[in-house]
Amino acid sequence: MGNEKNRSHGKIEALPATLKKKVEEKLLTGETYEEIASYLQKQGEDIHFSSVGRYGRKFLNKFESVRIAKEYARLLAEDNAERPATELHEANNLLASQLIMQALVDDDMDADARADIAKSIASLQRAQVSNEKLKLQARKEQGAVHIALELLKDKVYGELGEAYPEIAATLLLLAEQTEAEMEKLQ
């Protein structure tokens, strides 16, 4: 019996689909568990607010997971060259973290499944560290590009500034525009 998985056979799950949907709507509009239990009792159902609370917590957690997944999908759909890849990795890590935390608080989960989830947390942490290293490398490269452009400006001005001031000014302006465009990409 120790290895059996507990299953939820709550009273709300057993309600007719229309009444269950009404309960879910009331949960989403912020009605209290007591108010929902009172509503159900008026509908002829003998359901205590604690049953509504158990169902409500699970339902709202699942609803939040779906909302986060939709937001993540929106981020992926809006993916473009100007967005750093690290932002997408962070969005993915946030979604995975949310799902892991919800799984950990699931009353129906056995010890083996919890151990597997703990391993997932370690993997997620390693991925986050790698993501931070990528960000640091990008910042370092951005600094190197800035230094290179400053050196180029100095050389352009030194070589062309006196003899061809209009050309030097144009090249300096192009270098500054290029640097500004590169900063937008970061």
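These values consider heavy atoms only, across backbone and side chains, with no hydrogens, waters or symmetry-generated copies.
The shortest distance between side-chain heavy atoms of E24 and Y55 falls below 4.5 Å. Contact annotation: the side chain of I12 approaches that of L40 to within less than 4.5 Å [non-hydrogen atoms, C-beta and beyond]. Within the 4.5 Å cutoff, the side chain of I47 has heavy atoms near those of the L15 side chain.
F49 meets the side chain to side chain contact (heavy atoms under 4.5 Å, CB included) test with Y33, E34, A37; sequence neighbours excluded. Contacts of K20 classified as salt bridge (charged side-chain N to carboxylate O under 4.0 Å, His left out), with partners at least two apart in sequence or in another chain: E13. The salt bridge (charged side-chain N to carboxylate O under 4.0 Å, His left out) search around E31 returns K26, not counting sequence neighbours. With sequence neighbours excluded, the residues satisfying side chain to side chain contact (heavy atoms under 4.5 Å, CB included) with T170 are L174.
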### Task
Apply the test side-chain contact (heavy atoms from CB on, under 4.5 Å) to residues V52 and T32: give CA-CA distance (whole Å), side-chain angles for both, the deciding distance (0.1 Å), then the verdict.
CA-CA 9 Å; V52 176; T32 66; over 6 Å; no
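Within the structure, the side-chain hydrogen bond (donor to acceptor under 3.5 Å, both in side chains) test picks out the following pairs touching residues 36-48 (sequence neighbours left out): H48-S50.
At distances below 3.5 Å, not a single donor-acceptor pair connects side-chain atoms of E176 with backbone N or O atoms of L173.
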